[in-house]
Structures are given as C-alpha cells and as structure tokens.
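Just below is one structure, and these are the notes that go with it.
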Protein chains: 2
Amino acid sequence: MPAQTEPRIPLSRDRVLLAAVKIADDHGIGALTMRRLAEEVGAEAMSLYYHVAKKDDVLDGVTEVIATEIVDAAGRIAVPADGSDWKADGSDWKKAVRERILAARGVFLQHKWAAGVFGTRTTTSPAVLRYYDGLIGLMRAGGFSHDLTHHAMHALGSRALGFTQELFTPPDGPVTEESLAAIAQMADVYPHLTGMLSEVAHDDPESTLGWCDDQSEFEFGLDLILDGLDRLRAEGWQAH
Amino acid sequence: MPAQTEPRIPLSRDRVLLAAVKIADDHGIGALTMRRLAEEVGAEAMSLYYHVAKKDDVLDGVTEVIATEIVDAAGRIAVPADGSDWKADGSDWKKAVRERILAARGVFLQHKWAAGVFGTRTTTSPAVLRYYDGLIGLMRAGGFSHDLTHHAMHALGSRALGFTQELFTPPDGPVTEESLAAIAQMADVYPHLTGMLSEVAHDDPESTLGWCDDQSEFEFGLDLILDGLDRLRAEGWQAH
DNA sequence: ACCTGAACACCGTTCAAGT
DNA sequence: ACCTGAACACCGTTCAAGT
C-alpha cells in the first residue's frame, strides 16, 4: 500500500458558498471572513481565490444561494400560475402573490443576516430575477397591465422578497411594568409616540409577543399594498 | 513674543461627527475609517477615542446628525400640525404626512450613503423618534386610532423616513437599442420580466430618465400606502 | 490545474506615556 | 483634561512558489 493522503473533497465554488452560508447562519455575517471561510472548508485562505474572485464575489454567491432557496420555496406553493382556472374577478392573483411572498419571508427568517447582505449587492442575482419574473407573471395573469405591474414591483420593494427595513422598533422583549414606566417617562419628549405605545400595550396586556408582532405587521403592510393594487387594477388604472 | 503654536480648534464629538458626514458625502461610506477621520480633523487616530467610544459610536452619531436634518426639514413644512383648521373629512392629514416624508427623502438624496447606515443601527436615534412622533401626531389629528397608527408605522417601514430597499433595479442609464436588445435576449429565461420592461420602455421611448423614474416610483408606492390607510380610517377600521 | 507560505497594506483598538 | 506613538490582533489580497 502506497502512502496515502486523506481523501479530501476537492474545493469548489459551491462548497465555498455553502460554507459561507453556514458560517453566517451559525455565527452571524460578521464572522464571515476569508480566513474563517478557509478554515470551514479545510483549506488555506489563499486557496479560496482560485474559486472566487474576491470577498464581494462570495457575497454575490451567498445572495444567489439564498435567492435560489426563495425561488424553490415560492415554486412549492401550489397555486396555478397561469390563471387558467381563476375566478372571473381576478381576485386569485392576490392569494398567489401573497403566499409566494410569505414563503420568501420564511427563507429570510431562517437566514436573519441575509436581508442585510441583499441590500448591499449592486447587481441583481439571476435567481432574484426569476422570482420577480414569477410574481410579474401572476399579476399579468390576474389582469394587470404591464405598466401597473411595473409600478407594483417598485411599490412592494424589498417586501416582494419578504423583508422590510424596520426603523421603528419599540423595545424588544415582553411588555413589563418597568418598560411601560420607562415609556411614560419620555411622554414630554415624544408625547404621541408614548401615547400610542402605552395604549397599544394596554389593549393587549397579556401579550407574550412583546410590543409588536412582526409577522402580523408584515402581513398588514403587505395586504395594504396588495389591496390597493387590486383596487387600481379593478378600476382599470392607466398611466398618468 | 513667546513661541506660539497654531491656534487649533479643539476636538469635540460634534466636530468629529460633522467631519465623518463630510467624508461619507465626498468619498462614500467606505472611505470613513478612524485614521481618515482623524486626518480630516487634523489629529491622530487615537485622539478620536477621547470623544467617541468606538467606530460604532461614530456611526450612531452620524445617524443622529442626518436624522436631525430630517426633523428640521420636516419641521419646515408649513402644514398645521394640530389639525385645528383641517377639513372635516380629515383628508388633510395625508398631505401633511406625505410632504414630510418627501422632505425626509430629500435629505437622503443628499446623503446617498445614509440609508445603508440607518439600516445597520440597532438602537433608534432620538431624532428619528422625534420624527416618528411628529408623524404619529399628524395621523392622530387626522382621526386615526392609536392602533391603526401603530400598524401604519410598520406598514410604511423605512418609507416613512424617505427611502426604500430597491432590489428590483432595471439597468441604469438611458433606454438604448442595445439595452433593449439585451433584454429581449433574456426573454426565454425571464419571459414576464422582459415582456414588462420592453413594453414600459416602448411606452416612453424618448425618456431621458432611464428605465425607471425613482422619484415617481417612490411617490406611487407612498400614495398607495397612504390611500389604503385613509380608506381604513374612513371605514372606522378596528383591530382584529 | 489546483493549492499554499510569506508578505503587504490596510483595519479598529489598547495602553502607557506625554503635555 | 486632552492628545499621541508604538504596538497588537486582525482584515482582504498579491505574488511567487510549490505539487
């Protein structure tokens, strides 16, 4: 028997990208460095550069990986995509689009770092384009003009992919006596904000979800937009 | 005459933060390093740490600077905030909120790097809270319940501050024969997307704005949301 | 063709030392 | 109280060298 080295799985772009996703999932996007990534695949940092151009290329790659997960998840939604047997009033498009967007959101909930990375990419990944292509197809089948569909995509923005940039974030954790008191103390500086929060908390005192239920709020905003779009479609909206 | 050193403006947190904004404005957020920042204020990098805790503190600080600009811009909008002389149908709230949001958007257009930084902050800046407080006050004056106002803030998301995460970005630059041909070539992979884009381009062939007019699209999405909220308010929407 | 060691030019940050 | 020089532990990336 000749001297034999460990039968190592050869490096590949795919293996590098999947390892990158794993690192971000397990330790956050901050832990994703070229050296840490090399360690994960059992190689030296410099070996990575044979399979990816630079770190930016890794980030484009993980975006594509996540986007592919989204396309797959959306594709699994059993709603007819061609609209052939839809109700005559065209209302089915909304359910089809809504369920695909919520499926996309499910993917981002499993990769919490991913929304931030998507925001930094300058080129749009092919898988993201395929996902948007599917949404556009559903809206067209539902009776939308190309022009209104175009506006719709912009109106939805990142919400079409299942996430939003939340800048209005009441304190984490459950509603407690202490946090309520802390809010009340700011009443002179932010009278309307504190008024709103204390009433919202009062309405649902035994809430275990904390101040805001992210899922409900996402669906509220999504439905608001989809309902508005449906109304424009039904009214025969024209460009102006 | 005794030997005299140059009368240097003493360092201060404010001076550091304003210099940071200037660097990001002039050279992008990537150019904002502690060493570069020190150079800008005419000191050594380590001197900064007497005035800011760490780089994260600098980013919190510039967020506060930009947010203060937004509050100021919104405050300059001459719309009665207390609703005392508003139309009985309450429709004035929408104009007041809309104009403030567009004023906020104007600030982000002057600091293109800022939206990205806002997205990375974990704590909400006091100035952002003041801005939201103002919006909430306007909606309350317009007849919104606390509960619907709360949902409204979540529905608007970052759009309330004047920016959106655009993931659907058709090619930059003007619509040319070449770019149209490039789009047509992808028709087999993205049939709905290419169909939409070629028709949108065809409808406005001499557009100098390129594929999409960002300002119009922002206003379309904003109005869609505001109109939907106004409808819910008029219908006496209740939590469910 | 694939992988690596040594090295370069950067980072943010600590710490002891200066005035 | 305010500022600094030297140093540390990291980055991403290049390049010549190995198999």
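Excluded from the calculations below are hydrogen atoms, water molecules and symmetry mates; all remaining heavy atoms, backbone and side chain alike, are included. A, B, ... follow the sequence lines: proteins, then strands. Residue 1 opens every chain. These figures come from a predicted structure and were not determined experimentally.
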Applying side chain to side chain contact (heavy atoms under 4.5 Å, CB included), run through B:Phe218 and B:Ile101 and close with a yes or a no. CA-CA 11 Å; B:Phe218 183 85; B:Ile101 291 178; 4.1 Å; yes
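- One finds the CD atom of A:Glu40 at 11.0 Å from the CG atom of A:Leu18 (value rounded to the nearest 0.5 Å).
- The side-chain heavy atoms of B:Arg13 and B:Asp57, taken from C-beta on, include a pair separated by under 4.5 Å.
- Side-chain contact between A:Ile225 and B:Ile225 is present, with at least one heavy-atom pair separated by less than 4.5 Å.
- Of the inter-residue distances, the one linking B:Arg15 atom CZ with B:Leu17 atom CG reads 11.5 Å to the nearest 0.5 angstrom.
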Anything under 3.5 Å between a protein N or O and an N or O of nucleotides 1-3 of chain C, put it in a table, one pair a line.
unit_1, atom_1, unit_2, atom_2, d
C:dC3, OP2, A:His51, NE2, 2.5

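- Put simply, CE on B:Met139 and OG1 on B:Thr149 are 5.0 Å apart, with the number rounded to the nearest 0.5 Å.
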Could you go step by step and tell me if B:Gln215 and B:Arg105 meet the side chain to side chain contact (heavy atoms under 4.5 Å, CB included) rule? CA-CA 9 Å; B:Gln215 182 70 26; B:Arg105 177 172 158 82; 3.0 Å; yes
Pairing pattern in dot-bracket form [Watson-Crick, G-U; both distances under 3.5 Å; | = partner strand] for DNA chain C: ||.|||||...|||||.||
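- Proximity of the aromatic rings of A:His146 and A:His150 is defined here by a centroid distance below 6.0 angstrom, and this criterion is not met.
- Salt bridge annotation for B:Arg35-B:Glu39: absent, with no cationic side-chain nitrogen under 4.0 angstrom from a carboxylate oxygen.
- Ring geometry for B:His151 versus A:Phe220: interplanar angle under 30°, hence parallel rather than tilted (30 to 60°).
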Heavy-atom contacts, protein to nucleotides 13-19 of chain D, under 4.0 Å, summarised as B (base), S (sugar-phosphate only) or - (none) per nt, yield BB-----
